[in-house]
Protein chains: 2
Amino acid sequence: MEREKLIEKVTVEILRRLEKESQAPSTTVGVSNRHIHLSQGDLEALFGKGYRLSKWKDLKQPGQFAAKETVTIVGTKGELNKVRILGPIRQKTQVEISKTDAYTLGIRAFIRESGDIENTPGIVIKGPNNIIGINEGVIIAKRHIHMPPAFAKQHSFRDKQMVSVRFEGERALEFDNVVIRVSDQFVNEMHIDTDEANAGNIKNGDVGRIVKD
Amino acid sequence: MEREKLIEKVTVEILRRLEKESQAPSTTVGVSNRHIHLSQGDLEALFGKGYRLSKWKDLKQPGQFAAKETVTIVGTKGELNKVRILGPIRQKTQVEISKTDAYTLGIRAFIRESGDIENTPGIVIKGPNNIIGINEGVIIAKRHIHMPPAFAKQHSFRDKQMVSVRFEGERALEFDNVVIRVSDQFVNEMHIDTDEANAGNIKNGDVGRIVKD
């Protein structure tokens, strides 16, 4: 009798947890390999006057694409070849690398949100037409979730909110300090870099559960 | 009056949590860069007959040391130079790399505990005397905590138990599936690889809190 009670108690608890989990909002991962966003001026310096990027494939975020073109970025200790250019053109050139890449290049980069490039290190960029130096713009991207307003509203998330995201599996983990960015230009997607993906054995399309801090 | 009650309630809760946290067992991190353990046979093949490793520096685990000698490991897609040999000599050669390294080399490696090398990929190893191939032995080390029996007993941990470990800071996270290994040959130390360290912005000597699953 004691045993049956225990089984019932455990069953109820498991069902309660499963229900809670199934209600937790989730997000699909896009793993960001190192890449670069270019200003029109830097694009033309690297590839020639009047140059336009060729689309290779669309990314999940509407309007964003991977270009056919790549560049080489050069640090004091090493260089990284075939760094993909992402379009469209931006106001300012920005290079997004992993911490592993920062060691390879021999630079000290900081964890920053996209666009927040003040006082970040510069780098040398090689294209087919020229080699240029930028004075700032290299960042290690802060992990973040792109979120459309409807989804944010449904789950009571707000722009710039910090959350945690859990992943299951062999290298299960929970990332804290994940920043939510809400925009009607976004679809629901979490961006992590290759170090973070490898640490959690996470691949493109894997699903994480969003937990509020 | 309501406000004062609320302040008291919050204060009591914060004190309770701080006390709980301060009692949580902790562990100090050692970040494992890629490295290799060699059998005497493979050491002699790579460096010459009767060769003995020269100690460069002691590691934190008693009796373990980094040797002055390094090798190059060669995959189908790339190679990694200056891979440190760790001593002493082992029964079987074992190469420990990160997932990032596995992509660089072009091999598909699995997450395994040290010594569990059955059905793992082989690799080519270059030393000053020769270049050799091993048929198995490349692993991505499963994150683990070395723990002396007294510490394990004090906190009711047992050998092979799985726990989670929390790290604070800019890239705060919690690693699940961390395996505890208890031995009187060990001092308390958590080993993670460079991908895991970079994902959490963790460096040698950082302290994590051990949480039971």
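Numbered from 1 within each chain, the chains take letters A, B, ... in sequence-line order. Computed from heavy atoms alone, side chains included, the values below leave out hydrogens, waters and symmetry copies.
Atom OG1 in T100(B) sits 13.0 Å away from atom NZ in K99(A) (nearest 0.5 Å).
Between the side chain of D176(B) and the main chain of E174(A), no donor-acceptor pair closer than 3.5 Å is present.
Between chain A and the options V165(B), T194(B), N201(B), heavy-atom pairs under 4.5 Å are most frequent for N201(B). Among G200(A), A102(A), A172(A), A197(A), the residue with the largest count of heavy-atom pairs under 4.5 Å with chain B is A172(A). Ranked by heavy-atom pairs under 4.5 Å with chain A, the list N198(B), L173(B), I140(B) is led by N198(B).
D195(B) and A199(A) get closest at one heavy-atom pair: O-CB, 3.8 Å.
Within a 6.0 Å radius of CD in Q154(B), other residues, nucleotides and ligands contribute more than 12 heavy atoms. Within a 6.0 Å sphere centred on CG of N81(A), other residues, nucleotides and ligands contribute more than 12 heavy atoms. Within 6.0 Å of the OH atom in Y103(B), the count of heavy atoms belonging to other residues, nucleotides or ligands does not exceed 12. Taking a 6.0 Å sphere around CD of Q91(A), one finds it holds 12 or fewer heavy atoms contributed by other residues, nucleotides or ligands. Counting heavy atoms of neighbouring residues, nucleotides and ligands inside a 6.0 Å radius, atom CD of E8(A) does not exceed 12 of them.
Contact annotation for D193(B): only side-chain heavy atoms (C-beta onward) come within less than 4.5 Å of a heavy atom of chain A. In this structure, chain B has heavy atoms under 4.5 Å from both the backbone and the side chain of R171(A).
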